[in-house]
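Notes follow the structure.
The chains referred to below are lettered A, B, ... by the order of the sequence lines, with proteins before strands, and numbering in each begins at 1. In this text, all values refer to a predicted model and were calculated from it rather than measured experimentally.
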Amino acid sequence: MDIKSIEKIVSLSKRRGFIFQSSEIYGGLASTWDYGPLGVEMKNNIKNLWWKDMVTSRRNVVGMDAAILMHPEVWEASGHVSQFHDLMIDNKLTKKRYRLDHLLEKQPGNVLHKIANKLKIKFYKMEVHYPSIIYSKVIKTISESHEDIDLNGLGILDYYNIIKPLEGDWTVPRQFNLMLKTSLGATADSDDITYLRPETAQGIFVNFSNVVTTARQKLPFGIAQLGKAFRNEITTGNFLFRTREFEQMELEFFIYPEDAKEQLEYWSQQRLEWFKKLGVRAEKLRLRAHDKDELAHYSTACYDIEYEFPFGWSELEGIADRGTYDLDQHNKHAQKKQTYFDQVNNQHIVPSVIEASAGVDRAFLTCLVDAYHEEEVNGEQRIVLKLSPKVAPITCAVFPLVNKDGLPEISEKIFTEIQTEFSAFFDQGGSIGRRYRRQDEAGTPFGITIDHQTLEDNTVTLRDRDTMEQVRIPADQTLNKLREKIQSI
RNA sequence: GCGGGUGUAGUUCAAUGGUAGAACACCAGCCUUCCAAGCUGGAUAUGUGAGUUCGAUCCUCAUCACCCGCUCCA
């Protein structure tokens with residue numbers, strides 16, 4: 001795939017009705033996209049496949065669907081209110097942007113000393129970790145006093161890709177709150193501030209006890225949820241890849257803490273396999289363990305499932321060992337016990353959690369990118385989405401070869417029958433080749449064509465999208481054949 | 001947010017300081033042929049807002065959006 005391929009995907013998405021830009025007639029809204037008629041079918045297919053694989057087919061996982069709006073204290077407890085404030089600082093000379101905490105980690109002692117002096121941090125405890133103390137102080141100053149802090153002239157070095165570190169011309173550190181605020185109630189008082197959830201996970205954690213007492217599950221067991229989440233990403237982009245509103249598929253799997261390592265491995269493999277089951281090419285997928293310094297504040301170990309997009313290897317899903325962090329936090333903040341009674345050892349414990357958190361929109365984009373092919377057929381270019389029949393928005397298209405001799409009537413009948421079970425599309429317009437091509441672009445794996453031979457022996461042709469080969473089958477067997485084909489995948 | 005690029009029809013492109021043209025796609029009709037290629041007709045565009053100008057799609061500014069990079073994450 002060449003460098004322009006994302007643009008080709010965007011163009012195809014619009015042309016065929018997968019994805020439209022949000023509020024397009026008003027000039028669009030940054031990084032928000034709407035799913036069109038084909039897009040919503042495919043997205044639903046992906047979500048259903050996840051739900052089936054993670055919930056319905058497992059006896060130790062249950063589902064739930066929490067509200068997007070939650071009590072603001074949920075986010076105090078989860079750490080999102082304080083921790084989601086990453087400070088950014090730009091080097092105007094090299095045009096590079098850094099997270100301030102990452103940059104501070106790389107500074108030599110004498111520079112840290114100068115910064116500490118400037119911020120009036122005392123240097124008396126030798127064992128403390130100065131970068132984090134400095135970082136906290138900067139956050140405190142900015143958020144409480146709303147003062148800008150000028151870090152120029154202290155010799156802070158720019159380390160990005162530079163062998164000999166340079167001093168920078170730095171912007172003031174800026175704060176980004178990644179949660180979207182909203183206000184509840186018709187009169188917008190400041191007391192009514194709440195947040196659109198930045199992850200679905202907390203909806204699961206705050207319901208942990210409810211589920212334990214109602215679902216009759218024993219450790220280890222999981223709670224899964226699918227839903228929208230919102231983040232004020234600093235930089236959005238790459239089409240659907242990073243958006244402010246997105247949809248998550250999350251599993252929180254509660255375990256005995258000592259099983260964490262084993263369970264993390266298990267779920268990482270399970271989730272990798274799931275993406276393969278979507279039809280994504282295995283060689284474009286990989287499982288990557290996080291380095292220590294990549295880990296989120298709640299996590300002690302983490303794997304990413306990554307896909308090789310035209311813009312590079314990027315994360316589709318994170319499988320993380322969150323330990324007991326979340327339940328501990330809610331224990332503390334809500335002052336309500338978030339524990340599990342372990343009958344084997346006759347004691348209350350706080351279970352550890354393995355989280356598998358995937359982005360629906362990213363899975364969708366992966367399917368689209370992975371399926372996109374340009375081929376040459378008889379000297380003409382063919383664009384075809386080689387989507388798995390399980391995710392393709394239209395499973396089967398039905399065509400009367402010509403628009404007379406009763407062929408449309410027979411076709412309609414077959415179409416109606418297929419429609420009872422599969423997503424189908426009826427097309428009687430234009431040459432048959434043109435109609436096949438249209439469906440190729442939509443990723444429709446099968447096509448049924450009713451021709452003159454149908455009138456003689458009641459057979460129709462079944463066309464395969466990828467090979468373009470056709471076989472004749474009895475007209476009354478179309479539904480069975482489709483079932484067979486799909487089940488064999 | 002910073003730097004670079006881009007914005008004309010559904011898509012891909014063209015053109016011009018004097019109000020826009022093509023290809024493909026789309027719609028209707030004709031034709032009836034198994035892989036986008038026939039015939040006739042049709043609808044559709046200068047992202048938005050200011051400024052300069054007699055006149056702006058073109059020049060200037062702002063803004064919005066998209067793409068690439070920094071950064072972040074599902």
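A sub-4.0 Å separation between OP1 or OP2 of B:A36 and a side-chain N or O of A:Arg434 is absent. Between A:Ser431 and the phosphate of B:G38, there is no side-chain N or O to OP1/OP2 separation shorter than 4.0 Å. Side-chain nitrogen and oxygen atoms of A:Arg15 include none within less than 4.0 Å of the OP1 or OP2 phosphate oxygen of B:C24. The side chain of A:Lys14 contributes no N or O atom lying less than 4.0 Å from OP1 or OP2 of B:G10. In terms of phosphate contacts, A:Arg16 brings no side-chain nitrogen or oxygen within less than 4.0 Å of OP1 or OP2 of B:G10. Note on A:Asn238: a side-chain N or O is less than 4.0 Å away from OP1 or OP2 of B:C68.
Regarding A:His80, its NE2 atom lies at a distance of 9 Å from the P atom of B:A74, rounded to whole Å. In this entry the distance linking CZ of A:Phe311 with P of B:C67 reads 10 Å, nearest Å. Rounded to whole angstrom, the span from the CG atom of A:Leu455 across to the P atom of B:U32 amounts to 16 Å. Taking atom CZ on A:Arg362 and atom C1' on B:C72, their separation rounds to 10 Å, with Å as the unit. In this entry the distance linking CH2 of A:Trp313 with P of B:A74 reads 19 Å, nearest Å. Summarising the geometry, the separation between CZ on A:Arg438 and P on B:A37 is reported as 10 Å, rounded to the nearest angstrom. Atom P of nucleotide B:A36 and atom CG of A:Asp427 are separated by 15 Å, given to the nearest angstrom. Residue A:Ile25 contributes atom CD1, which lies 12 Å from atom P of B:U48 at whole-angstrom precision.
Judged by distance alone, with hydrogens and angles left aside, the side-chain atoms of A:Glu245 form no donor-acceptor pair with the main-chain N or O of A:Phe230 at under 3.5 Å. A:Arg58 contributes a side-chain N or O that, together with a main-chain N or O of A:Asp53, makes up a donor-acceptor pair within less than 3.5 Å. Judged purely by atom type and a 3.5 angstrom limit, A:Asp361 uses its side chain to pair as donor or acceptor with the backbone of A:Glu247. In terms of modelled atom types and a separation under 3.5 Å, the side chain of A:Thr366 and the main chain of A:Arg362 share a donor-acceptor contact. No side-chain donor-acceptor contact under 3.5 Å links A:Asp451 to the backbone of A:Val460.
Within the nucleic acid shown, A:Glu441 comes within 4.0 Å of at least one base atom, counting heavy atoms only. A:Leu12 comes within 4.0 angstrom of nothing in the nucleic acid, heavy atoms only. Using a 4.0 Å heavy-atom cutoff across all strands shown, A:Ser314 reaches no nucleic acid atom at all. Residue contacts shown for A:Phe239 are limited to sugar-phosphate atoms, with no base heavy atom under 4.0 Å away. No engagement by A:Thr366 is indicated, since no non-hydrogen atom pair under 4.0 Å with the nucleic acid exists. The residue A:Leu401 sits close to a base: some heavy atom pair falls under 4.0 Å. Residue contacts shown for A:Arg382 are absent, as no nucleic acid heavy atom lies under 4.0 Å away. Counting non-hydrogen atoms under 4.0 angstrom, A:Asp361 reaches nothing in the nucleic acid.
Pairing for B:A45 is absent, with no Watson-Crick or G-U wobble pair whose two atom distances lie under 3.5 Å. Pairing partner, B:G3: B:C68, with both Watson-Crick or wobble hydrogen-bond distances short of 3.5 Å. In this entry B:G17 has no Watson-Crick or G-U wobble partner, no candidate having both defining distances under 3.5 Å. Pairing for B:C24 is with B:G10, a Watson-Crick or G-U wobble pair whose two hydrogen-bonding atom distances lie under 3.5 Å. Figure legend. B:C39 is base-paired to B:G29; pairs are counted as Watson-Crick or G-U wobble with both atom distances under 3.5 Å. Under the Watson-Crick and G-U wobble criteria, each requiring two contacts below 3.5 Å, nucleotide B:C58 is left unpaired.
Geometrically, A:Lys43 does not engage A:Phe364 in a cation-pi contact, judged by NZ or CZ lying under 6.0 Å from the ring centre and within 45° of the ring axis. Relative to the ring axis of A:Trp274, A:Arg271 places its NZ or CZ within 45° and under 6.0 Å from the centre. Note that A:Arg288 lies outside the cation-pi zone of A:Trp313, set by a 6.0 Å cut-off to the ring centre and a 45° limit from the axis.
Comparing A:Glu245 and A:Gly28 along RNA chain B, the residue whose closest nucleotide (by nearest heavy atom) sits nearer the 5' end is A:Gly28. Remark on RNA chain B: of its neighbouring residues A:Thr449 and A:Arg244, the 5'-side contact belongs to A:Thr449, judged by nearest-heavy-atom nucleotide.
Side-chain proximity of A:Ser357 to B:A74, B:A25, B:C66: nearest is B:A74. The side chain of A:Gln470 lies closest to B:C34, out of B:U11, B:C34, B:U32. Nearest nucleotide to the side chain of A:Thr461, out of B:C34, B:A25, B:C35: B:C34. Counting only heavy atoms from C-beta on, A:Arg231 has its side chain closest to B:A74 among B:U32, B:C26, B:A74.
Applying the 3.5 Å distance criterion, the base of B:C34 shares a donor-acceptor pair with the side chain of A:Tyr436. Between the base of B:C35 and the side chain of A:Arg437 there is a donor-acceptor pair shorter than 3.5 Å. You'll find a donor-acceptor pair under 3.5 Å spanning the side chain of A:Arg242 and the base of B:C72, going by distance alone.
Checked against a 6.0 Å centroid threshold, the rings of A:Phe239 and A:Trp33 count as neighbours.
B:U19 has its base syn relative to the sugar, with a glycosidic angle deviating from 0 by at most 90°.
Spacing between B:U8 and B:G21 at atom C1', rounded to whole Å, works out to 11 Å. For the P atom pair drawn from B:A22 and B:G42, the interatomic distance equals 12 Å after rounding to whole Å. Nucleotides B:C61 and B:U52 place their P atoms 15 Å apart, quoted to the nearest Å. Rounded to whole Å, the P atom of B:A62 lies 41 Å from the corresponding atom of B:C24. Between B:C26 and B:U12, the distance separating the two P atoms is 16 Å to the nearest Å. B:U48 and B:G7: their P atoms are spaced 14 Å apart (whole Å). Nucleotides B:A50 and B:A15 place their C1' atoms 26 Å apart, quoted to the nearest Å. Spacing between B:C67 and B:U40 at atom P, rounded to whole Å, works out to 41 Å.
Residue ring and base: A:Phe246 counts as stacked with B:A74 (centre distance below 5.5 Å, interplanar angle below 30°).
Using cut-offs of 30° and 60° on the angle between ring planes, the pair A:Phe311 and A:Phe241 is perpendicular.
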